[in-house]
Asks: 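Dumping the structure here so I can ask a few things about it.
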Amino acid sequence: MELSTQYNPREAEENHYKRWEESGCFKPEINENADAETYSIVIPPPNVTGSLHMGHALQHTIMDVLIRRKRMLGFRTLFLPGIDHAGISTQLMVTRQLKIEENKTPQDIGREAFTEKVWEWKRKYGGTILGQMRREGISVDWSRERFTMDENLSKAVINVFVALYEEGQIYRGARIVNWCPQDKTVLSDLEVEDKEKKDGKLYYLQYPIKNSDKKLTVATTRPETMLGDTAVAVNQNDERFKNLVGEIIELPLTNREISIIADEYVEMEFGTGAVKITPAHDPNDYEMGQRHNLQQINIMNPDGTLNANAGEDFDGLDRYKARKLVVEKFEQLGLLEQIKDHEMVLPICERCKTVIETLISEQWWVKMDEMRDAALELKREKGYPHFTPHNPHTKVYTDWLENLRDWTISRQLWWGHQIPAWYDENGKVYVAKNKQEAAKKAGTENLTQDEDVLDTWFSSWLWSFSTLGWNGEKVQSSRFGVQSQAENSSTQDSGLRTQDLKVFHPTDVLVTARDIIFLWVSRMVMSSLKFLGERPFDDVYITGTVLDEKSVRMSKTKGNGIDPLVVFNEYGVDATRITLAGSSTGMDFAWRDEKVESYRNFANKIWNATRFCLLNSDGAKVDPATLENPATISDRWIISRLNKTANDVNEALDKYAFHVAVDKLYHFFWDDFCDWYIELVKDEITAGDTPATTRIITILEQSLRLLHPFMPYLTEELWQKLPNTNADLHNPAYKSADATIMLADFPTGDANLIDEKAETEMQLIFGLITNIRNIRAEMQIKPSDKISVHIAANDKTRRIFAANEAQILKLARANEVILGDKLEVPAASAKGVLTNGAEIAVPLEGLIDFAKERERVQNQINKLQEEGERLSKQLANKNFIDKAPTEKVDAVRERVTEIELQTKALKDNLETLR
RNA sequence: GGGCAUAUAUGUCAAUUGGUAGACAGCCUCCCUUACAAGGAGGAAGUUGGAGGUUCGAGUCCUUCUAUGCCCACCA
């Protein structure tokens with residue numbers, strides 16, 4: 001079979017995904033073993049608005065590596081894909097599109113027409129990201145794909161809402177909230193970001209005191225809110241203002257009088273030490289208002305303009321225009337004391353980046369106390385979920401839970417799950433699964449449904465089980481420790497889906513980025529405990545963030561994002577995947593093209609190693625049995641290395657140490673297999689020695705299996721080309737499936753095939769060859785010039801070298817190896833010494849530059865002596881001998897002996913070079 | 001204002017429970033040797049951010065300083 005000399009990723013990528021999918025390899029049902037252990041991951045659903053970014057590629061790769069290995073190990077695996085309706089983002093996108101295309105607002109076309117437009121949008125763009133996921137090669141079960149607004153998932157949302165309401169966990173109430181004037185909706189604390197404003201101003205306004213010509217100056221960053229002031233506060237310990245407490249202020253620009261109150265919240269050092277209090281538009285002022293029973297005056301419309309409460313001059317005016325006008329009027333009145341520069345932090349909407357208003361608004365809330373306690377208890381008592389990396393995520397998670405407050409779940413949007421609450425003519429609320437039931441409760445059909453929808457996360461937090469068929473029809477809320485509802489749920493739903501819940505929940509691991517630990521991870525834990533009485537996942541793997549080349553966070557606004565699709569096209573999906581996995585230590589890491597380039601080269605190396613094996617494969621076939629009976633020391637060595645690598649890879653993946661797994665595979669394949677093993681057995685292979693070719697192809701095939709979770713396309717492409725790769729190589733769970741490396745048994749490393757003796761002996765041979773190559777390079781001996789190699793060594797070493805003479809001759813480019821117990825060579829020889837004291841010499845007959853050779857030998861002596869001195873010093877230290885473990889002391893002694901032997905030999909050599 | 005993390009070769013990053021620092025890329029020398037020049041062989045390069053401490057032994061543990069980054073928080 002002829003392969004091109006270069007690997008073409010595109011070809012392999014096009015060849016396999018469809019076949020894998022169509023043959024059912026991605027589905028758990030492919031597993032024929034009824035008793036197989038399960039392993040499941042639900043994908044964090046990307047936003048329907050999004051397109052794939054490097055963070056997705058990283059997370060998806062990690063998940064797919066985990067899933068593919070477990071599948072090959074014979075687990076019944078489920079990797080479930082889906083997308084999120086992403087309420088605010090999506091509504092924002094469609095609103096923008098509507099503006100551009102038809103110059104209309106959502107209100108212009110109405111709720112029904114608008115949501116239909118969003119569905120259209122979803123159908124059109126939702127597919128894009130799914131296509132991108134296919135390109136990544138992730139082995140998700142597309143037959144179980146979910147969308148947060150699917151019928152069954154929506155049922156779950158409604159039923160959960162109703163259940164929590166009936167339990168008194170959900171309530172409606174007016175409180176101070178974050179309000180986005182652009183999106184005209186309330187936002188939870190987690191949907192608000194900070195933005196630094198360096199050119200902020202602090203305005204000093206003078207408030208006249210009644211029956212006095214005195215004025216009290218307050219400092220504010222938001223002068224316009226003074227129109228809603230209902231008090232001025234000072235600190236009770238502030239000598240400057242002590243006697244003003246209780247005085248009345250005539251609030252300028254209004255006809256209102258407000259009083260001066262005392263509150264310890266006021267910091268004397270800041271501003272003037274007197275604070276204007278606007279309970280309806282500032283969270284702190286709100287709290288103070290509660291304490292002092294202050295009036296709340298709402299001066300703001302939902303769109304950020306001021307309302308009639310602000311007074312005639314300001315009614316309908318934009319908040320920034322109002323600010324300007326307030327300042328102007330204060331100036332006219334001679335009450336503007338000064339304006340200072342003031343760096344500050346503004347709260348902005350996470351989605352549209354508009355500056356948030358705080359105002360009082362009636363919203364739906366979920367009490368979090370009980371659910372929070374259950375989540376904390378689960379962590380404390382059972383250790384779930386287990387975070388990797390443990391630091392800092394464990395503490396961040398528990399700290400956040402401990403300070404959790406009630407969750408605002410209503411949103412003034414149209415895109416999402418509409419709140420299942422109806423109002424009668426008197427405004428009395430009825431919460432029910434549908435209008436019919438609400439009508440039953442209300443005793444009237446004359447009901448209007450709440451206009452609002454639920455926070456996107458109110459559906460996402462059910463994701464681990466709503467995707468597996470749970471719809472809450474028979475919701476039975478419970479606390480941690482109570483028997484799982486899943487156990488007896490077979491009657492509530494039909495078919496596979498409920499089965500899925502039983503079989504696959506709790507899932508095994510959640511892989512995600514750290515920015516949604518609060519928004520999503522913690523809430524999933526709480527909802528799963530609440531409604532299933534069990535955890536949603538055992539482990540949480542938090543990936544690092546992919547930064548750009550300059551170690552700066554990628555962002556749309558900065559435009560420094562690296563598009564994974566571009567990288568796929570340039571370097572191939574497999575190279576990208578293994579680069580990401582190899583960089584995944586849990587820390588943030590900078591993207592480097594050089595890195596993916598080197599893994600692109602690695603892919604090419606694998607391709608060419610296979611190409612070499614296939615060029616000489618006549619009559620050979622993949623046959624794992626040949627690994628049981630290695631013939632030569634080099635065979636025993638490579639098989640030992642293979643098994644060690646397999647063992648290390650499994651161990652690393654069990655610990656989510658992806659970079660370790662990649663590193664082991666890379667060096668095993670490139671260094672051990674290609675650079676040494678292929679070279680050692682090359683003659684036999686090219687001579688068509690069938691046992692040798694069978695052996696090398698089998699080792700290659702095992703290597704491809706180990707690499708497969710990281711590089712699925714390349715390994716499948718090559719595996720299919722190997723002779724005799726068939727379903728017999730599959731894990732026993734997949735006996736009747738079509739032959740694919742996806743289902744091959746994943747090597748775990750056989751301890752019986754790990755051969756330390758062979759490894760030590762091969763190290764000796766490699767040391768010899770390297771030493772000779774070093775002499776050749778430094779003495780500038782042409783590659784075409786053959787040399788003779790003299791070796792003085794003990795019996796054992798001589799036997800090893802004698803047994804591998806052919807390989808030594810070839811790899812050292814020598815025409816003879818002369819073994820003895822003493823060197824007998826002319827003075828004009830280049831010399832070296834191996835770690836065990838064996839001496840080598842290469843006669844150079846007049847070619848030698850004595851000065852240069854002396855320098856070379858002296859350098860070696862220097863290095864050894866440096867190390868020797870350090871170690872001798874250690875041995876001279878009585879404390880070291882007494883306190884260090886004996887193995888350690890022995891190891892140092894051994895090394896010192898080695899060094900002495902080597903140094904002595906080198907010094908003797910030096911003598912002969914005079 | 002609190003909390004956390006990071007600082008290692010020119011660059012990007014590794015280094016299990018403390019045992020004397022590695023990889024990749026780059027750089028230097030040689031080689032188009034019949035798998036691969038996206039390759040092969042050899043080589044140079046680090047007082048592990050600074051200063052103390054614990055220990056026989058510290059990149060690793062403790063204290064402190066410096067720099068950077070992230071998260072949380074209601075400072076007008």
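So you know, we letter chains A, B, ... as the sequences are listed, proteins then strands, and number each from 1.
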Asks: Measuring only the C1' atom in each nucleotide, how far is B:rU47 from B:rG43? A whole number of Å is fine.
Replies: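 These two C1' atoms come out 23 Å apart once rounded.
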Asks: Does a side-chain N or O of A:Lys605 approach OP1 or OP2 of B:rG40 to a distance below 4.0 Å, or not?
Replies: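 Indeed, a polar side-chain atom of A:Lys605 lies that close.
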Asks: Out of B:rC36, B:rC4, B:rG42, which nucleotide sits closest to the side chain of A:Lys395?
Replies: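 From the listed options, B:rC4 comes nearest.
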Asks: Contact class for A:Val892 (heavy atom, under 4.0 Å): base, sugar-phosphate, or nothing?
Replies: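 Touches nothing.
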Asks: I'd like to know if A:Glu778 reaches the base of B:rA41 with its side chain, counting only an N/O donor and acceptor under 3.5 Å.
Replies: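 Side chain to base: no pair below 3.5 Å.
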Asks: Are the charged groups of A:Lys644 and A:Asp648 less than 4.0 angstrom apart, N to O?
Replies: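 Salt bridge: no.
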Asks: Checking all strands, does A:Ser784 fall into the base, sugar-phosphate, or nothing category for heavy-atom contacts under 4.0 angstrom?
Replies: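 It contacts nothing in the nucleic acid.
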Asks: Using whole Å, report how far CD1 of A:Ile578 lies from P of B:rC24.
Replies: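 So the two atoms are 14 Å apart, to the nearest Å.
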Asks: For B:rU47, which nucleotide is its Watson-Crick or G-U wobble mate, given both distances must be under 3.5 Å?
Replies: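 Partner of B:rU47: none found under 3.5 Å.
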Asks: Could you check which of B:rA41, B:rC71, B:rA76 has an atom nearest any side-chain atom of A:Tyr265?
Replies: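 Nearest to the side chain of A:Tyr265 among the choices is B:rA76.
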Asks: A:Phe270 vs A:His342 aromatic rings, parallel, tilted or perpendicular, using cut-offs 30° and 60°?
Replies: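 Ring orientation, 0 to 90° scale: perpendicular.
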Asks: Using a cut-off of 4.0 Å on non-hydrogen atoms, how would the nucleic acid contact of A:Pro392 be classed: base, sugar-phosphate, or nothing?
Replies: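 Sugar-phosphate, backbone atoms only, no base.
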Asks: Where the side chain of A:Val275 is defined as all heavy atoms beyond and including C-beta, which of B:rA41, B:rU12, B:rA76 is the nearest nucleotide?
Replies: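 My answer, after comparing the listed nucleotides, is B:rA76.
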Asks: Of the nucleotides B:rA23, B:rC75, B:rC74, which one has an atom closest to the side chain of A:Asn284?
Replies: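 Output: B:rC74.
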Asks: OP1, OP2 of B:rA73 versus side-chain N and O of A:Asn403: anything below 4.0 Å?
Replies: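 A:Asn403 to B:rA73 OP1/OP2: no side-chain N or O under 4.0 Å.
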Asks: Could you tell me how far B:rA15 sits from B:rU6 if I compare only their P atoms? Round to whole Å.
Replies: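 Rounded to whole Å, the distance is 11 Å.
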Asks: Can you check the A:Met344 CE to B:rA73 P distance for me, whole Å?
Replies: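 Whole-Å distance recorded here is 18 Å.
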Asks: On a whole-Å scale, what distance lies between the P atoms belonging to B:rU54 and B:rC72?
Replies: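 Between the two P atoms, the distance is 40 Å.
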Asks: Figure out the CZ/P separation between A:Arg175 and B:rC74, and round it to whole Å.
Replies: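 Those two atoms, CZ and P, are 14 Å apart.
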Asks: Please determine, for B:rC36, whether a Watson-Crick or G-U wobble partner exists with both distances under 3.5 Å, and give it or none.
Replies: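 Pairing partner: none.
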Asks: Under 3.5 Å, side chain of A:Ser703 to main-chain N/O of A:Ile699, donor-acceptor pair present?
Replies: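 Here the side-chain-to-backbone pair exists.
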Asks: May I ask you to say what A:Glu679 touches in the nucleic acid, namely base, sugar-phosphate or nothing, with a heavy-atom cut-off under 4.0 Å?
Replies: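 Base: the residue A:Glu679, judged by heavy atoms under 4.0 Å, touches a nucleobase.
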Asks: Scan A:Arg592 against the nucleic acid and name what it touches under 4.0 Å (heavy atoms): base, sugar-phosphate only, or nothing.
Replies: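 The residue A:Arg592 makes sugar-phosphate contact but no base contact.
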Asks: With a cut-off of under 6.0 Å to the ring centre and 45° to the axis, is A:Lys605 in cation-pi contact with A:Tyr7?
Replies: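 No; the conditions do not both hold, so A:Lys605 does not lie above the ring face of A:Tyr7.
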Asks: Is the cationic atom of A:Arg523 (NZ for Lys, CZ for Arg) positioned less than 6.0 Å from the six-membered ring centroid of A:Trp407 and within 45 degrees of its normal?
Replies: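 Judged by the rule (NZ or CZ under 6.0 Å from the ring centre, within 45° of its axis), A:Arg523 counts as positioned above A:Trp407.
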Asks: Contact class for A:Phe673 vs. all strands (heavy atom < 4.0 Å): base, sugar-phosphate, or nothing?
Replies: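 Nothing: the residue A:Phe673, judged by heavy atoms under 4.0 Å, touches no strand.
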Asks: So among A:Leu614, A:Asn8, A:Leu615, A:Asn608, which one has a side-chain contact (heavy atoms from CB on, under 4.5 Å) with A:Leu3?
Replies: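 Exactly one option meets the side-chain contact (heavy atoms from CB on, under 4.5 Å) with A:Leu3, and it is A:Leu614.
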Asks: Counting only Watson-Crick or G-U wobble pairs whose two distances fall under 3.5 Å, which nucleotide matches B:rC24?
Replies: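 Base partner found: B:rG11.
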Asks: Please classify the nucleic acid contact of A:Tyr286 as base, sugar-phosphate, or nothing, using heavy-atom distances under 4.0 Å.
Replies: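 Nothing: the residue A:Tyr286, judged by heavy atoms under 4.0 Å, touches no strand.
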Asks: When you check the phosphate oxygens OP1 and OP2 of B:rA44, does a side-chain N or O of A:Lys863 lie under 4.0 Å from one of them?
Replies: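 So the side chain of A:Lys863 is within the cut-off, an N or O lying under 4.0 Å from OP1 or OP2 of B:rA44.
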Asks: Are side-chain N/O atoms of A:Arg553 and A:Asn560 paired as donor and acceptor at under 3.5 Å?
Replies: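 Looking only at side-chain atoms, A:Asn560 and A:Arg553 do not form any donor-acceptor pair under 3.5 Å.
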Asks: Expressed as a whole number of angstroms, how long is the span from A:Leu346:CG to B:rA76:C1'?
Replies: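 Computing the A:Leu346:CG to B:rA76:C1' distance gives 13 Å.
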Asks: Describe the nucleic acid contact of A:Gln874 in one word from base, sugar-phosphate, nothing, applying a heavy-atom distance below 4.0 Å.
Replies: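 Contact class for A:Gln874: base.
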Asks: Given atom CZ of A:Phe669 and atom C1' of B:rA35, what is their separation to the nearest angstrom?
Replies: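 One finds 10 Å between C1' of B:rA35 and CZ of A:Phe669, rounded.
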Asks: Are A:Glu679 and A:Lys682 ion-paired here, with the side-chain N under 4.0 Å from a carboxylate O?
Replies: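 Result for this pair is yes, salt bridge flagged.
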Asks: Distance check needed: B:rU34 C1' versus A:Leu3 CG, whole Å only.
Replies: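 To the nearest whole Å, that distance equals 17 Å.
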Asks: Roughly how far apart, to the nearest Å, are B:rC32 and B:rU17 at atom C1'?
Replies: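 Straight-line distance between the two C1' atoms is 50 Å.
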Asks: So, OP1 or OP2 of B:rC75: does either fall under 4.0 Å of a side-chain N or O from A:His342?
Replies: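 Checking B:rC75 against A:His342, no side-chain N or O comes under 4.0 Å of OP1 or OP2.
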Asks: What's the gap between B:rA76 and B:rC4 when it is taken at their C1' atoms, as a whole Å value?
Replies: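 About 29 Å, rounded to a whole number of Å.
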Asks: Classify A:Val396 by what it touches in the nucleic acid, base, sugar-phosphate, or nothing, heavy-atom distance under 4.0 Å.
Replies: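 No contact.
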Asks: Where each residue is assigned the nucleotide of RNA chain B containing its nearest heavy atom, which of A:Ala609 and A:Lys655 is assigned the position nearer the 5′ end?
Replies: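 The residue mapped nearer the 5' terminus is A:Lys655.
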Asks: Take atom P in B:rA44 and the same atom in B:rG22, then report the distance between them in whole Å.
Replies: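 Result for the P pair: 13 Å, nearest Å.
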Asks: Give the rounded distance in Å between these two atoms: CZ of A:Arg611 and C1' of B:rC36.
Replies: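 For the pair A:Arg611 CZ and B:rC36 C1', the rounded distance is 7 Å.
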Asks: Compare side-chain N and O positions of A:Trp670 against OP1 and OP2 of B:rG40 and report whether any pair is under 4.0 Å apart.
Replies: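 Yes, A:Trp670 has a side-chain N/O under 4.0 Å of OP1/OP2 on B:rG40.
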Asks: With a 3.5 angstrom cut-off on both distances, give the Watson-Crick or G-U wobble partner of B:rG1, or none if there isn't one.
Replies: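 Result: B:rC72.
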Asks: With nearest nucleotides of RNA chain B determined for A:Tyr666 and A:Asn616 from heavy-atom distances, which residue corresponds to the more 5′ nucleotide?
Replies: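 Result of the comparison: A:Tyr666.
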Asks: Regarding A:Asp282, tell me which of base, sugar-phosphate or nothing describes its non-hydrogen contacts under 4.0 Å with the strands shown.
Replies: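 Nothing, no heavy atom under 4.0 Å.
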Asks: Can you see if the side chain of A:Asn774 gets near the phosphate of B:rG43 - specifically, an N or O under 4.0 Å from OP1 or OP2?
Replies: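 Yes.
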Asks: Looking across every strand, which nucleic acid part, if any, lies under 4.0 Å from A:Arg776 by heavy atom: base, sugar-phosphate, or nothing?
Replies: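 Result for A:Arg776 = nothing.
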Asks: Just compare B:rC24, B:rA73, B:rG39 and give me whichever is closest to any side-chain atom of A:His667.
Replies: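 When the side chain of A:His667 is considered, B:rC24 is the closest of B:rC24, B:rA73, B:rG39.
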Asks: Decide, yes or no, whether a salt bridge links A:Arg240 with A:Asp238 under the criterion of side-chain N to carboxylate O below 4.0 Å.
Replies: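 Looking at A:Arg240 and A:Asp238, the cut-off is met.
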Asks: For atom C1', what is the distance between B:rC27 and B:rU12, given to the nearest Å?
Replies: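 Pairwise C1' distance, B:rC27 against B:rU12, rounds to 16 Å.
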Asks: Indicate, with a heavy-atom threshold strictly under 4.0 Å, whether A:Cys613 touches base, sugar-phosphate, or nothing.
Replies: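 If one applies the 4.0 Å heavy-atom cut-off, A:Cys613 turns out to touch nothing in the nucleic acid.
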Asks: Give a yes/no on whether any side-chain N or O of A:Thr585 is located under 4.0 angstrom from OP1 or OP2 of B:rA14.
Replies: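 Yes.
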Asks: Enumerate donor-acceptor pairs with a distance under 3.5 Å from any side-chain N or O in residues 514-521 of chain A to protein atoms, sequence neighbours excluded.
Replies:
| from | atom 1 | to | atom 2 | distance (Å) |
| --- | --- | --- | --- | --- |
| A:Arg514 | NH1 | A:Thr545 | OG1 | 3.4 |
| A:Arg514 | NH2 | A:Asp588 | OD1 | 2.5 |
| A:Arg514 | NH2 | A:Asp588 | OD2 | 3.3 |
| A:Trp520 | NE1 | A:Ser460 | O | 3.0 |

Asks: Counting just side-chain N and O atoms, does A:Lys810 come under 4.0 Å of either OP1 or OP2 of B:rU33?
Replies: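 It does not, given that no N or O in the side chain of A:Lys810 lies less than 4.0 Å from OP1 or OP2 of B:rU33.
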Asks: Rounded to whole angstroms, how far apart are CG on A:Leu404 and P on B:rC72?
Replies: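 Roughly 14 Å, once rounded to whole Å.
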Asks: Nearest to the side chain of A:Ile678, which nucleotide is it out of B:rC70, B:rA35, B:rC13?
Replies: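 Looking only at side-chain atoms, A:Ile678 lies closest to B:rA35.
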Asks: Give one of base, sugar-phosphate or nothing for A:Glu549, where a contact means two heavy atoms less than 4.0 Å apart.
Replies: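 Result for A:Glu549 = nothing.
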Asks: Taking atom P in both B:rU10 and B:rG1, what distance in whole Å separates the two?
Replies: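 That atom pair is separated by 36 Å.
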